[in-house]
Amino acid sequence: MSQFPIALPSQDNHQMTLHREGPLFILHLHNEDNRFTTEFCTSILKALQIVEDLAIGLYDLDGMALVTVGNDKIYSNGLDLAHAISYRPFMDVFNLVLKRVLTFCIPTVAALNGHAFAGGCMLALAHDYRVMRSDRGYICMNEVDLPSALAPGMAALVREKTSPKTYRDMILQGHRYNAQQALDNELVDLICPHDQVLPKAKELALKWAPKAIAGVVYQQLKNEMYTDVVRLLGVPYHQLAAKM
């Protein structure tokens, strides 16, 4: 049995912490601006595996749910570009994180305590629900300004979770959505002051946690709902990158 809280990837290299509060699992990302490296991604995957292992066969009347939250004014500023360029298989590891979150076996809520840029935006969109800080912070896809191509699965994820107009503005304009704009464009489900983001995210997670009682069916429904995104997230991007 896992002893919570759990430091990941290790106590000596503490980039995130997995907590448990009854039926809720809280993954707190707190590695500076939470940029994605291979190590950061594999730590998220390990956290997901811990939760999934506990979820199997342990559904009760309260169900279960997962909440992720960032630190201070940043949820995640996206990929560590230097690392992504230097380690070609990295993009496949990041795509796996998106796929695992998108099709996770219990309800998921992203508590957007601050900026969610590029990869951070994609991680947020991979969740079932999103709660965003209302007083500061943006959610955006800024690849057009870097510039940086999107892997097929990444583009599919954003396209699936947005309207055609929002998708156009996010991808081709790099539009930065503040909280009210994000709510109006259905990028998030709820906005609230900074000190209420995590409590409201937990409240939303508790509301939908009983749906996890469906067990493997809950995950199967997600796989079917997002079948094209799941397929494209499995395309080995590092083999395509040299041709793009």
Side-chain angles (χ1 to χ4, degrees), residues 2 4-6 8 16-29 34 41 43-70 75-76 95-113 116 119-133 139 153 156-158 160-162 179 182-183 186-192 196-230 233:
S2 299
F4 295 90
I6 300 173
L8 295 166
M16 61 192 70
T17 307
L18 180 63
H19 303 266
R20 184 172 186 181
E21 300 178 9
L24 298 185
F25 296 89
I26 316 297
L27 182 59
H28 178 200
L29 310 174
N34 292 325
C41 288
S43 297
I44 293 175
L45 292 171
K46 182 176 180 180
L48 295 177
Q49 193 60 56
I50 290 170
V51 174
E52 186 170 55
D53 289 346
L54 288 171
I56 295 174
L58 292 180
Y59 300 103
D60 54 30
L61 293 177
D62 293 324
M64 290 184 175
L66 172 71
V67 176
T68 66
V69 62
Y75 178 72
S76 170
N95 280 347
L96 179 59
V97 169
L98 297 179
K99 184 167 74 170
R100 287 280 280 140
V101 174
L102 183 68
T103 61
F104 202 51
C105 59
I106 60 177
T108 57
V109 181
L112 305 181
N113 55 288
C121 174
M122 287 183 271
L123 177 64
L125 292 176
H127 289 66
D128 300 326
Y129 307 98
R130 285 157 293 284
V131 176
M132 186 174 179
R133 176 177 179 174
I139 183 169
L157 170 62
V158 180
E160 177 69 33
K161 293 294 187 105
T162 61
L183 184 65
E186 300 183 330
L187 291 170
V188 299
D189 300 277
L190 181 68
I191 61 175
C192 57
Q196 289 297 305
V197 170
L198 186 54
K200 289 295 184 182
K202 291 179 181 178
E203 184 180 309
L204 189 59
L206 285 171
K207 176 180 179 180
W208 297 116
K211 298 303 180 183
I213 297 171
V216 68
V217 171
Y218 190 80
Q219 188 168 42
Q220 188 277 335
L221 290 171
K222 288 187 180 181
N223 274 294
E224 182 59 31
M225 180 182 295
Y226 303 121
T227 182
D228 290 336
V229 182
V230 170
L233 283 170

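As the structure is a computational prediction, the values presented were derived from the model and not from experiment. Just the heavy atoms: all of them, side chains too, but no hydrogens, waters or symmetry mates, feed the values below.
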Trainee: Within the structure provided, determine whether Tyr75 and Cys121 are in side-chain contact (heavy-atom separation under 4.5 Å).
Mentor: no
Trainee: Can you spot which of Val131, Leu204, Leu198 makes a side-chain contact (heavy atoms from CB on, under 4.5 Å) with Val67?
Mentor: Leu198
Trainee: Can you tell me how far OG1 of Thr103 sits from CG of Asn223, rounded to the nearest 0.5 angstrom?
Mentor: 5.0 Å
Trainee: Any donor and acceptor pair, going by atom type alone, linking the side chain of Thr17 with main-chain N or O of Ile6 inside 3.5 Å?
Mentor: no
Trainee: So, does Arg130 use its side chain to make a donor-acceptor pair with the main chain of Leu187 at under 3.5 Å?
Mentor: yes
Trainee: Which heavy-atom pair separates Ile213 from Gly63 by the least distance, and what is that distance?
Mentor: CG1-CA, 4.1 Å
Trainee: How long is the gap from CD on Glu21 to CG on Leu24, to the nearest 0.5 Å?
Mentor: 6.5 Å
Trainee: If you compare all heavy atoms of Pro107 against all heavy atoms of Lys211, which two are closest, and at what distance to 0.1 Å?
Mentor: CG-CB, 4.5 Å
Trainee: For residues Leu27 and Leu29, determine if any side-chain heavy atom of one lies less than 4.5 Å from a side-chain heavy atom of the other.
Mentor: yes
Trainee: Answer yes or no: is there a side-chain heavy-atom contact under 4.5 Å between Pro23 and Leu206?
Mentor: yes
Trainee: Give me the atom names and distance for the closest heavy-atom approach of His19 to Pro5.
Mentor: ND1-CB, 3.6 Å
Trainee: Can a donor-acceptor pair be found, under 3.5 Å and without considering hydrogens, that links the side chain of Asp128 to the backbone of Thr108?
Mentor: yes
Trainee: Rounded to the nearest 0.5 Å, what's the gap from CG on Leu157 to CG on Asp228? Could you check?
Mentor: 12.5 Å
Trainee: Under a 3.5 Å cutoff, is there a donor and acceptor pairing between the side chains of Asp53 and Gln49?
Mentor: yes
Trainee: With rounding to the nearest 0.5 Å, note down the distance linking CG in Leu102 to CG in Leu125.
Mentor: 10.0 Å
Trainee: Within the structure provided, determine whether Pro199 and Gln196 are in side-chain contact (heavy-atom separation under 4.5 Å).
Mentor: yes
Trainee: Looking at residues at least two apart in the chain, or sitting in another chain, which of them share a side chain to side chain contact (heavy atoms under 4.5 Å, CB included) with Gln220?
Mentor: Glu224
Trainee: Taking everything shown except Lys200 itself, do over 12 heavy atoms lie less than 6.0 Å from its NZ?
Mentor: no
Trainee: Hey, does Leu183 have a side-chain heavy atom less than 4.5 Å from the side chain of Met132?
Mentor: no
Trainee: Are the side chain of Lys222 and the backbone N or O of Phe104 linked by a donor-acceptor pair below 3.5 Å?
Mentor: yes
Trainee: Mind checking the CG-CZ spacing from Leu54 to Phe4? Nearest 0.5 Å is all I need.
Mentor: 5.0 Å
Trainee: For the residue pair Ile191 and Val188, what are the closest heavy atoms and their distance?
Mentor: CG2-CG2, 3.9 Å
Trainee: Can you check whether Leu112 reaches Arg133 side chain to side chain, under 4.5 Å on heavy atoms?
Mentor: no
Trainee: With heavy-atom distances below 4.5 Å as the criterion, would you say the side chains of Phe25 and Arg20 are in contact?
Mentor: yes
Trainee: Quick one: are Val197 and Cys192 in side-chain contact, heavy atoms under 4.5 Å?
Mentor: yes
Trainee: Name the orientation class of the two ring planes belonging to Trp208 and Tyr129 (parallel below 30°, tilted from 30 to 60°, perpendicular beyond 60°).
Mentor: parallel
Trainee: With a 4.0 Å cut-off on N to O distance, would you call Lys161 and Glu186 a salt bridge?
Mentor: no
Trainee: Return the OG to CG distance between Ser43 and Leu48, rounded to the nearest 0.5 Å.
Mentor: 11.0 Å
Trainee: Grab the two heavy atoms, one from Ile106 and one from Ala55, that are nearest each other, plus how far apart they are.
Mentor: CG2-CB, 4.2 Å
Trainee: Of all the heavy-atom pairs spanning Leu8 and Ala47, show the shortest one and how long it is.
Mentor: CD1-CB, 3.6 Å
